[in-house]
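Written out below as structure tokens is the structure these notes cover.
As a basis for the values below, the full set of heavy atoms in this structure was taken, side chains included, without hydrogen atoms, waters or symmetry mates. We name chains A, B, ... by the order of the sequence lines, and we start the count at 1 in each one. All values reported here derive from a predicted model rather than from experimental measurement.
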Protein chains: 2
Amino acid sequence: MSNGVAQPSRRPTRARSIIRATLDSTDRFMSAQRLHEMITEQGEDVGLATVYRTLQLFADDGEVDCLRDSDGEMLYRKCVREAHHHHLICRRCGVTKELEDLTIEQWADAVAAKHGFSSVSHTFEVYGVCADCQAAG
Amino acid sequence: MSNGVAQPSRRPTRARSIIRATLDSTDRFMSAQRLHEMITEQGEDVGLATVYRTLQLFADDGEVDCLRDSDGEMLYRKCVREAHHHHLICRRCGVTKELEDLTIEQWADAVAAKHGFSSVSHTFEVYGVCADCQAAG
DNA sequence: ATCCCTGCAAAGTCTTTGCACTCCC
DNA sequence: GGGAGTGCAAAGACTTTGCAGGGAT
């Protein structure tokens, strides 16, 4: 089924370059709507549907990381690393740190296997208030 | 702000007892819509809005656990344990196992502290296909 | 009687989809 | 020119909200 090899053709277009540039302009996770808002504020014009579609493509290609916030809204951010990893996210300002730790992955797989589960995946995110936001009150 | 002491009055009503009974009839996480479906299948009649409202109340009271599935939909289940814990959830049938492991909690707190974050919380859920579902094809 | 609770339907969000047009190769 | 890409508006899914009637204390 999916061998992860073939990749559909991706044409370089105006919309994609704008979206990519906007993603690059910050290191925070943003919703599709917020990203679209930023693009509009820059005086550019890209359809909201295109933003959604493009973010999904980028996510499929591993070009952006995505996660859901506590409201269930999907958030996207340019991907910094290739490997699977998790995030430490500031609730206040949205700044994120990438966490690396194989223990979590291994533990998740192991505990799932122990219970006879297969096709295992997991979600793991850590939220808090970063040092800067604490200092800022 | 919130001292977790005062509790609004909760009247025992028909809808609430039906919802509670339906929650008790399974150990799986269910969406509000699925729960409403089950109630209807039982021949009972409770409005969908009431199911949503009641599940929120129950969640506030700590009577049910809730989490979001990978589609962002909220799932509820009667609360089994007091302590903070995580879940191993079958994507196919929704059956869940509760996971206990202090390592995750400690690691999350430690790594957050290392980055200067405070007021730390985290989300962690493991998804897979349970043995029964695999056997069932 | 009072105020909480419920049902129904309308409204709100976030997101996806259909379709015609446009642009890249 | 052909098919990927885009924009717009409509549609979908989940959830919340407004309001009037019904039930618990």
Side-chain angles (χ1 to χ4, degrees), chain A residues 6-23 28-61 63-77 94 123, chain B residues 6-23 28-61 63-77 89 91 94 125:
Chain A
Q7 190 93 176
S9 59
R10 302 283 194 236
R11 292 182 179 165
T13 65
R14 195 187 65 96
R16 284 177 191 168
S17 102
I18 292 174
I19 291 171
R20 205 169 264 128
T22 308
L23 280 168
R28 301 179 185 183
F29 276 89
M30 291 179 296
S31 66
Q33 314 226 16
R34 175 75 190 108
L35 191 66
H36 177 253
E37 211 175 82
M38 289 179 66
I39 289 171
T40 304
E41 283 166 3
Q42 291 165 28
E44 300 289 352
D45 186 30
V46 175
L48 179 56
T50 299
V51 173
Y52 273 105
R53 278 189 284 233
T54 304
L55 287 174
Q56 275 179 186
L57 282 184
F58 284 2
D60 288 345
D61 294 350
E63 189 171 334
V64 302
D65 276 344
C66 53
L67 58 84
R68 277 182 196 283
D69 68 10
S70 45
D71 292 333
E73 192 176 14
M74 193 75 91
L75 304 180
Y76 302 86
R77 197 192 64 161
T123 64
Chain B
Q7 191 93 174
S9 59
R10 302 281 192 235
R11 290 182 181 168
T13 65
R14 193 187 65 94
R16 283 175 191 171
S17 101
I18 292 174
I19 291 171
R20 205 169 266 127
T22 308
L23 281 167
R28 302 180 183 180
F29 276 89
M30 291 177 298
S31 65
Q33 313 226 15
R34 174 76 190 108
L35 192 66
H36 178 255
E37 211 175 84
M38 290 179 65
I39 290 172
T40 304
E41 284 166 3
Q42 291 164 30
E44 300 289 353
D45 187 31
V46 175
L48 180 57
T50 299
V51 173
Y52 273 106
R53 277 188 284 233
T54 303
L55 287 174
Q56 275 179 185
L57 281 183
F58 285 0
D60 288 346
D61 293 352
E63 189 172 333
V64 301
D65 276 344
C66 51
L67 58 84
R68 278 183 196 282
D69 68 12
S70 43
D71 293 332
E73 190 175 15
M74 192 77 92
L75 304 180
Y76 303 87
R77 198 191 64 160
I89 307 154
R91 278 194 212 89
E125 307 297 344

Q. Whole-Å distance between D/dT6 C1' and A/Glu44 CD?
A. 15 Å

Q. Hey, does the side chain of B/Tyr52 come within less than 4.0 Å of D/dT16's phosphate (OP1/OP2), counting only N and O?
A. no

Q: Evaluate the criterion side chain to side chain contact (heavy atoms under 4.5 Å, CB included) for residue pair B/Ile19 and B/Val51; output intermediate values, then yes/no.
A: CA-CA 7 Å; B/Ile19 291 171; B/Val51 173; 4.3 Å; yes

Q) Given atom CD1 of A/Ile39 and atom P of D/dT6, what is their separation to the nearest angstrom? A) 11 Å

Q) Are B/Asp65 and B/Tyr76 close enough that some pair of their side-chain heavy atoms sits under 4.5 Å apart? A) no

Q | Separation of atom CE in A/Met74 from atom P in C/dT13, rounded to whole Å | A | 20 Å

Q | Any A/Gln56 side-chain N or O less than 4.0 Å from OP1/OP2 of C/dT16 | A | yes

Q.
I'd like to know if A/Glu44 pairs up with A/Arg14 as an ion pair, taking the criterion as any Lys NZ or Arg NE/NH1/NH2 lying under 4.0 Å from an Asp or Glu carboxylate oxygen.
A. yes

Q: Give the rounded distance in Å between these two atoms: CG of A/Leu57 and P of D/dT6.
A: 8 Å

Q.
In whole Å, I'd like the distance from the CG atom of B/Leu55 to the P atom of D/dT16.
A. 10 Å

Q: Nearest whole angstrom, please: distance from the P of C/dT13 to the CG of A/Leu48.
A: 14 Å

Q.
Counting the atoms with a prime plus P, OP1 and OP2 as sugar-phosphate, which does A/Asp71 contact under 4.0 Å by heavy atoms, base, sugar-phosphate, or nothing?
A. nothing

Q.
Quick check against the 3.5 Å criterion: does A/Thr50 have a side-chain atom that pairs as donor or acceptor with the backbone of A/Val46?
A. no

Q | Side-chain (A/Arg68) to main-chain (B/Ser70) donor-acceptor, under 3.5 angstrom | A | yes

Q) Atom NE2 of B/His36 to atom C1' of C/dA9: distance rounded to whole Å? A) 13 Å

**Q.** Student check: side-chain heavy atoms of A/Leu55 and A/Leu23 closer than 4.5 Å
**A.** yes

Q) Roughly how many Å is it from CG in B/Asp45 to P in D/dG23, rounded to a whole number? A) 13 Å

Q: Measure the shortest side-chain to side-chain distance between A/His36 and A/Tyr52 over non-hydrogen atoms and say whether it is less than 4.5 angstrom.
A: no

Enumerate all atom pairs, one protein N or O and one N or O from nucleotides 18-25 of chain C, separated by less than 3.5 Å.
{"from": "C/dG18", "atom 1": "O6", "to": "A/Arg53", "atom 2": "NH1", "distance (Å)": "3.3"}
{"from": "C/dC24", "atom 1": "O2", "to": "A/Arg11", "atom 2": "NH1", "distance (Å)": "3.4"}

